[in-house]
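Everything below concerns the one structure shown next.
Remember, it's a predicted structure, so these values are computed and weren't measured experimentally.
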Amino acid sequence: MGHRGIIRLAGMLLALLMVDSGWAAEPRLEPTEQEQAQTLTLFHEPIVMLQAKFGRLDGAARVRIVKERVRQLQPEDLTHPVTVVSSTRLGQEAREFRLNDKHLLVLLEKDLEWLDELTLDQAAERVRLRLENVRVKVLELHSNTYLLKAAGKTLLVTLLFLMVVQLLRRGHQRARRWFANNLLQQKGLIPHQWRQVLGNLEIRVIGVLTWLVILLLTYGWLTYVLGLFPHTRIWSDQLGSSLLELCSNILGGIVAAMPGLATVLVIFVLTKLFIRMLAVIFARIERGHFRVQGLHSETIGATRRLLSVVIWLFALTVAYPYLPGADSDA
């Protein structure tokens, strides 16, 4: 790597030394200003929070020293993995992190947060993995071979994505023509007299499903492409975690709604059977097989319909609390 490449790499390392707010050795939801100053973040990657005093140096001063050491790294140093060495500093257990045998930082036993429930070795391994992740990202950023491969994968995946989208659009158009012909011939699962209200419902459903699949494919394509490049990989991770969280919430909602829906189904079936039983009884009364005081054959039909409405309203009242979203504002 020439002099110009070394200058570019030094500038990149300086950019990596910007500290993000909101992170610590282990992610904190609401970090204080002091915790932010003590937290070392490289390449948007939270590394460690140095909260113990080391001699006359507090945590923030130790973070500034680590920054200076990183500035002094040479390009060839990044070709070596991060190593951890056990030691004792100021009478307490410590773990030293080195790159190409150059000292980077020290993790002291007093740096550990008891709420994290980690041993010194466990915490050191997490820090090492984070440092390794940053080192690999910097190497990828300055590797023409890697960037060319990433660009080639992006082009290939984009072409495949566009082909699948085009196939979906053509399939949607063919489905529209097929259902339109069935509509003219009065074919289909939906009775023809209902078409005046519902219209060509199948085409609308297929259109919604087609666009939903296209949106999911777009989401997946964008997540994959952003993950190929170090600069945008954090966005890819955020998109992937958001999609997993959304799917988890939807699946959890479906599972949570199953007992209520089963109860509603039982209420519906019992109500249907009860109304059928009443229909048989009213039919026998109407034919004169037996008589019930107050019921006459001339009004038996209206009485049966009114009683059916009352029973269904009662069943709906009983089933309503078990419906999904019954306790929401909507």
Side-chain angles (χ1 to χ4, degrees), residues 9-141 230-231 233-234 237-238 241:
L9 182 57
M12 178 62 64
L13 289 174
L14 287 174
L16 297 181
L17 296 173
M18 297 180 62
V19 177
D20 278 349
S21 61
W23 293 93
E26 296 303 319
R28 305 284 177 87
L29 294 177
E30 297 180 357
T32 63
E33 184 176 351
Q34 181 181 3
E35 290 173 344
Q36 294 178 16
Q38 295 173 344
T39 301
L40 175 67
T41 301
L42 303 176
F43 206 83
H44 306 289
E45 179 80 15
I47 305 300
V48 66
M49 185 174 72
L50 305 176
Q51 57 185 353
K53 293 196 67 174
F54 188 49
R56 292 180 298 176
L57 301 175
D58 60 5
R62 293 171 62 194
V63 169
R64 290 193 295 269
I65 292 176
V66 175
K67 292 180 180 181
E68 184 60 31
R69 289 171 179 168
V70 174
R71 288 191 184 96
Q72 296 174 1
L73 290 175
Q74 300 298 317
E76 58 269 18
D77 295 332
L78 297 176
T79 60
H80 295 79
V82 177
T83 58
V84 183
V85 178
S86 300
S87 64
T88 303
R89 294 294 185 94
L90 300 179
Q92 59 178 312
E93 286 290 322
R95 298 294 182 268
E96 298 182 17
F97 297 86
R98 298 179 180 180
L99 189 62
N100 194 18
D101 208 28
K102 292 183 179 181
H103 182 73
L104 288 181
L105 64 93
V106 176
L107 181 66
L108 301 175
E109 196 171 14
K110 291 184 179 180
D111 285 322
L112 301 182
E113 177 65 51
W114 67 273
L115 290 175
D116 294 335
E117 297 182 351
L118 295 174
T119 65
L120 184 59
D121 288 329
Q122 290 173 337
E125 179 62 18
R126 294 192 179 192
V127 173
R128 187 192 68 81
L129 291 176
R130 291 165 185 159
L131 289 172
E132 271 293 298
N133 188 32
V134 171
R135 184 185 69 85
V136 171
K137 285 181 178 180
V138 176
L139 285 177
E140 290 175 350
L141 280 173
H231 274 309
R233 191 166 294 157
I234 186 172
D237 295 339
Q238 291 174 352
S241 60

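Taken to the nearest 0.5 Å, the CG atom of L40 stands 7.0 Å off from the CG atom of L105. Note that the CZ atom of R95 and the OG atom of S86 stand 3.5 Å from one another [nearest 0.5 Å]. Rounding to the nearest 0.5 Å gives a distance of 11.5 Å between CG of N100 and CZ of R98. With rounding to the nearest 0.5 angstrom, the CD atom of E96 is 9.5 Å from the CG atom of L108. Put simply, CG on D111 and CG on L120 are 9.0 Å apart, with the number rounded to the nearest 0.5 Å.
The shortest non-hydrogen separation linking P81 to E132 is CA-OE2, 3.2 Å. Taking both residues in full, the closest heavy atoms of F97 and R128 are given as CE2-N, 3.8 Å, listed atom of the first, atom of the second, then distance. Considering every non-hydrogen atom in both I47 and R130, the closest pair reads O-NH1, 3.0 Å. The two residues L118 and L112 have their closest heavy-atom pair at O-CD1, 3.7 Å.
Contact check for E93 versus T88: side-chain heavy atoms found under the 4.5 Å cut-off. Within the 4.5 Å cutoff, the side chain of K102 has heavy atoms near those of the Q74 side chain. No side-chain heavy atom of V48 sits under 4.5 Å from any side-chain heavy atom of L131.
Taking the side chain to side chain contact (heavy atoms under 4.5 Å, CB included) definition, one finds that K110 meets it with A52, Q92, sequence neighbours left out.
The closest donor-acceptor contact from the side chain of R62 to the backbone of V106 lies under 3.5 Å. Judged by distance alone, the side chain of R69 and the main-chain N or O of L104 form a donor-acceptor pair under 3.5 Å. One N or O on the side chain of R135 and one on the backbone of H80 form a donor-acceptor pair closer than 3.5 Å.
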